[in-house]
Protein chains: 2
Amino acid sequence: MASIPSATVGRLVTYLRVLATLADRGIVRTSSDDLAREARVSAFQVRKDLAYFGRFGTRGAGYDVDALSTELHRILGLERAWNVAIIGMGRLGSALADYPNMARYNFCLQAAFDVAPEKVGTVVAGVPVYAMRELPERVREHDVQVALLTVPGEGAQAATEALAAAGVRGIVNFASTVLDPPEGVHVEAIDFLAGLKRVSYALHAETSDDERAAS
Amino acid sequence: MASIPSATVGRLVTYLRVLATLADRGIVRTSSDDLAREARVSAFQVRKDLAYFGRFGTRGAGYDVDALSTELHRILGLERAWNVAIIGMGRLGSALADYPNMARYNFCLQAAFDVAPEKVGTVVAGVPVYAMRELPERVREHDVQVALLTVPGEGAQAATEALAAAGVRGIVNFASTVLDPPEGVHVEAIDFLAGLKRVSYALHAETSDDERAAS
DNA sequence: ATATGTGAATTGATTCACAGCG
DNA sequence: CGCTGTGAATCAATTCACATAT
């Protein structure tokens with residue numbers, strides 16, 4: 001298979017979300033136009049993105065909401081369950097632990113880890129908190145495939161290597177650090193401070209333009 | 001000015017972060033090669049990204065860490081302070097409220113909003129929590145320019161419109177919804193569930209490849 | 001000597017137009 | 001007739017090579 005643009009994968013996730021809201025509204029059939037409007041992309045884009053993976057519509061009639069949703073689940077690997085661990089049970093880690101929508105998408109939170117002795121041994125949102133040094137055994141015990149990394153920046157790379165050594169191949173990194181991903185490990189960065197800075201740029205650039213236009 | 005690729009803006013944010021770690025290590029001078037290695041991009045890319053905005057290095061010698069850092073702050077609009085509000089004081093909103101690094105980058109958290117009557121009137125991490133219906137006055141009172149939107153998906157679009165009407169032009173959206181941004185409003189999406197799904201795709205695609213290779 | 005800054009070349013992604021199917 | 005699926009064309013971003021400055 002030709003390699004898929006990662007932007008396409010990101011948009012598939014969006015289409016899936018849109019399909020869910022359509023299904024909630026009782027809508028059974030849709031079109032690339034509909035999906036495009038809701039996802040804020042072009043209808044060409046929707047069709048091209050789907051075309052990388054197959055043919056899911058009926059010409060003249062559009063797409064079946066349920067069927068397309070099922071296909072997208074399959075493509076994104078969401079039909080199977082993924083076992084998830086949280087590394088770092090600070091504010092953010094705890095907030096993620098009782099985020100309800102994770103289970104809805106087959107992400108099963110199995111374990112949490114922290115260095116603070118007072119947290120170790122507690123149970124947060126039904127999930128046991130282990131010491132970081134137990135990570136290798138516990139990751140294997142719970143068959144963890146994906147980690148949510150919420151440790152402070154300084155510890156992120158070390159944690160990544162420990163996770164990789166324990167066999168974890170997917171990491172969602174919440175730290176403001178560029179990780180050097182070990183061979184075979186996929187890292188997705190979620191950096192809200194970076195998002196804030198991009199907003200700052202957008203507002204700032206706009207203001208400078210206005211000033212220039214006014215002069 | 002020619003329009004800047006948004007990917008470039010994202011990378012500038014990364015370079016800034018790398019420069020901060022270099023400065024912490026007492027490093028005074030750097031090069032496009034160094035920055036590239038730390039940011040995991042090519043040196044060409046670093047130079048091209050910077051070239052959109054000017055000439056910041058000395059040929060033969062590289063870049064001054066402090067000077068480049070100052071320039072990037074200026075470019076990204078981080079020299080001035082931005083007043084920030086959090087909309088939705090659930091788990092995530094509260095976690096964001098006492099995230100310490102925001103102030104370091106001149107993002108000043110001024111106010112928080114929630115619909116729950118028992119939260120209204122409390123002070124979280126030094127920040128007053130107001131009722132959603134007070135949003136117009138309070139946003140103006142605190143001169144809020146940027147909002148962190150952490151309300152559930154259903155309420156996100158309505159909150160966006162209320163914010164826009166109150167004069168907020170920058171929104172970081174944590175909800176799993178595609179927002180229709182009102183005219184002149186910039187939205188940055190931070191969606192960790194989407195990140196998790198992209199990881200799922202990466203691991204799943206890899207596994208399918210392996211199976212195909214083995215057959 | 002060395003590392004930046006930049007036009008030219010290349011690669012990749014998006015847009016388009018329409019052929020093909022229901 | 002309508003809407004999908006897709007090769008071709010356009011547009012944008014990345015990579016490269018090297019002239020240029022210190």
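Naming: A, B, ... by sequence-line order, numbering from 1 per chain. Hydrogens, waters and symmetry mates are skipped; everything else that's a heavy atom, side chains included, is used. None of the values given here were measured: they were computed from a predicted structure.
A/L68 has its CG atom 14 Å from the C1' atom of D/dG5, to the nearest Å. One atom, CG of A/L35, and another, C1' of D/dC3, lie 13 Å apart when rounded to the nearest Å. Residue A/L50 contributes atom CG, which lies 16 Å from atom P of D/dC3 at whole-angstrom precision. Summarising the geometry, the separation between CG on B/L12 and P on D/dA13 is reported as 14 Å, rounded to the nearest angstrom. Look at CZ on A/F56: it is 18 Å from P on C/dC21, rounded to the nearest Å.
Relative ring orientation between B/F53 and A/Y201 is described as perpendicular, the plane-to-plane angle rising above 60° on a 0-90° scale split at 30° and 60°.
A heavy-atom distance below 4.5 Å is found between the side chains of A/T160 and A/P182.
Between A/V199 and the choices B/L148, B/V146, B/I171, B/V187, the side chain to side chain contact (heavy atoms under 4.5 Å, CB included) rule is met once, by B/V146.
Of the possible donor and acceptor atoms, none in the side chain of A/H204 sits under 3.5 Å from a partner among the backbone N and O of A/S200. Looking at A/T58, its side chain never comes within 3.5 Å of a backbone N or O of A/A61 through a donor-acceptor pair.
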### Query
Which letter, B, S or -, goes with each nucleotide of nucleotides 14-22 of chain D from 5' to 3', with contact meaning a protein heavy atom under 4.0 Å?
SBBB-BBBB
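Here the two rings, on B/F192 and B/F174, have centers that are 6.0 Å apart or farther.
For B/S32, a side-chain nitrogen or oxygen approaches OP1 or OP2 of C/dT4 to under 4.0 Å.
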